[in-house]
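This report concerns only the one structure given below.
Sequence lines set the chain letters: A, B, ... in the order given, protein chains first and strands last, and positions in each chain run from 1. Predicted model only: the values in this text are computed from it and were never measured.
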Number of protein chains: 2
Amino acid sequence: MTREDNRSRPATDRVGTICRALRRAIIEQALEPGAKLPEDALGERFGVSRTIARHALGQLAAEGLVELRRNRIAVVATPSWQVARDAFDIRIELERLVVRQLAGRLTKAQIAELHAHVDAEDEARNGPDAISIRLATEFHILLASMTESPILIRYVSEIAYRCCLTLSLFSRPHSSECAINEHRLLIDALAKGDAEAVMALMHHHLDSVASRALVAQTRPRGRDIMDILAPYAEPPRAARAKAVG
Amino acid sequence: MTREDNRSRPATDRVGTICRALRRAIIEQALEPGAKLPEDALGERFGVSRTIARHALGQLAAEGLVELRRNRIAVVATPSWQVARDAFDIRIELERLVVRQLAGRLTKAQIAELHAHVDAEDEARNGPDAISIRLATEFHILLASMTESPILIRYVSEIAYRCCLTLSLFSRPHSSECAINEHRLLIDALAKGDAEAVMALMHHHLDSVASRALVAQTRPRGRDIMDILAPYAEPPRAARAKAVG
DNA sequence: GGCATGTAAAGTGCATACAGTTTAACCTCT
DNA sequence: AGAGGTTAAACTGTATGCACTTTACATGCC
């Protein structure tokens with residue numbers, strides 16, 4: 001049905017295609033955290049062999065969107081609250097860097113592009129949550145891409161996707177109105193060119209997004225029984241183990 | 001000859017092993033930027049099939065240590081000056097975050113571990129450059145790993161390796177003495193616990209490492225003819241294309 | 001009914017085979 | 001000898017096959 005058109009791009013790299021598709025499906029919650037991603041199924045779906053599907057999964061795992069355990073089916077990542085908190089902390093620093101580099105340096109065309117994007121966010125406001133979350137995320141990626149610093153672009157994209165995944169996991173009905181307004185404020189401040197001001201603005205923006213979503217260890221919505229029951233299980237008197245990746 | 005012992009670890013993941021080996025070879029300049037990495041050769045060297053070697057290369061490419069172009073042999077990455085500059089900028093922010101989280105929170109054991117590492121750096125001071133660069137890099141990674149924030153650890157490691165690669169490319173004889181001293185100062189400041197102070201220290205440290213290495217567009221040492229000749233070629237009147245990754 | 005156990009199905013880990021592409025060698029013609 | 005073209009070798013891209021592991025199910029025992 002939605003078979004990727006192989007001829008659209010001559011020698012196109014198919015693992016990239018699959019990655020993009022999965023990335024999008026994940027952040028739109030078409031694939032919820034914990035969802036299984038068997039290589040066979042992916043391969044069939046995209047009309048490639050397991051080899052390619054597997055490679056794509058490896059890529060996504062490196063980005064933190066997918067969890068890969070030996071001999072087990074790959075699943076969409078389920079970030080813990082702590083990891084989510086860390087991610088936002090790092091994200092704040094990275095995006096401060098983005099706007100610092102961008103302040104006062106945007107062309108008219110770029111500013112228009114940003115405004116257009118926010119307009120799109122506005123229109124999607126009443127649509128499904130997943131879409132507006134995705135658009136909000138893509139706003140930040142768009143911003144990052146304007147730095148033309150490949151590393152920064154990659155890091156911001158990656159961590160923004162992860163935060164996006166987190167938002168879909170933890171957040172309540174999700175009030176995006178204020179976020180959209182904050183995006184507009186950011187654009188204006190960028191145009192005006194006061195680096196310090198726009199850095200502060202970005203800091204505040206991300207901070208409030210994070211706290212709207214992560215208010216005091218909201219337990220993730222449903223999904224894995226062990227996780228839900230974790231807070232009810234008696235901790236065996238020892239300090240909780242420091243399990244990291 | 002040095003065939004990896006398959007039985008040493010029962011089900012160990014071999015692509016990880018290869019990644020570690022290559023990473024180390026790269027940052028020690030056993031493999032110089034531009035060096036070819038054919039899948040066959042790697043496979044044979046590590047006693048695995050191309051499948052595995054290829055996967056490892058994909059991983060390394062995602063980390064920016066290897067360049068992968070379609071249908072071409074993978075090569076060790078040759079970061080441009082601009083990318084190197086960007087990398088250091090980002091690194092500074094990330095490592096400021098590291099020490100902010102660590103200031104005043106290190107255990108005695110951890111402090112001892114850090115000191116021990118710097119001692120090792122000291123001993124290697126008169127050895128080959130590559131080794132002391134590697135040790136200096138690993139100091140920062142060790143620091144990051146103490147945050148126990150998986151994301152931060154990954155990002156700092158990754159970017160530190162990339163910077164390390166850059167250093168080996170651009171830097172002159174490399175004066176590591178001062179860097180070592182700065183490491184000691186950092187440890188002391190961390191122990192003392194003044195977050196602001198230690199952030200400033202880290203900032204200054206990385207800044208001076210970067211500028212020692214990257215003073216005004218030092219052209220990379222040798223290697224690729226096209227690169228060397230680039231500044232001598234008449235730019236064809238048009239603004240130079242903005243080629244990014 | 002509940003629990004253990006064995007067995008088939010599903011899935012991953014990895015090597016290998018083959019097709020297509022790039023690179024290098026060689027050969028020819030001037 | 002040098003330029004250009006032609007063929008072989010070297011590699012990569014991808015599919016497929018087989019062995020091993022995990023998971024799900026059904027069967028049997030209590």
Counting heavy atoms from C-beta on, name the nucleotide in D/dG13, C/dA15, D/dC11 closest to the side chain of B/Arg14.
C/dA15

Write down the distance between CD (B/Glu67) and P (D/dT12), rounded to a whole number of angstrom.
15 Å

Specify the separation, in whole Å, of atom CZ of B/Arg70 and atom P of D/dG13.
6 Å

Just how far, in rounded Å, is P of D/dA15 from CZ of A/Phe46?
14 Å

Take the protein atom CG of A/Leu42 and the nucleotide atom P of C/dG11, then report the distance between them rounded to whole Å.
11 Å

Rounded to whole Å, the CD-C1' distance (A/Glu39 to D/dT16) equals 14 Å

Between the side chains of B/Glu67 and B/Arg72, is the shortest nitrogen-to-carboxylate-oxygen separation below 4.0 Å, so that they form an ion pair?
no

Under a 3.5 Å cutoff, is there a donor and acceptor pairing between the side chains of A/Glu138 and A/His117?
no

Distance-only, no hydrogens or angles: does the A/Thr147 side chain make a donor-acceptor pair with backbone N or O of A/Leu143 under 3.5 Å?
no

Between A/Ile73 and B/Val15, name the one whose nearest nucleotide on DNA chain C is closer to the 5' end.
A/Ile73

Distance in angstrom units between A/Asn71 CG and D/dT22 P, rounded
5 Å

Between C/dA15 (P) and B/Asp40 (CG): distance, integer Å
13 Å

Roughly how many Å is it from CZ in B/Arg69 to C1' in C/dT22, rounded to a whole number?
11 Å

Considering only heavy atoms, which members of residues 50-62 of chain A lie under 4.0 Å from some atom of DNA chain D?
A/Arg50, A/Thr51, A/Ile52

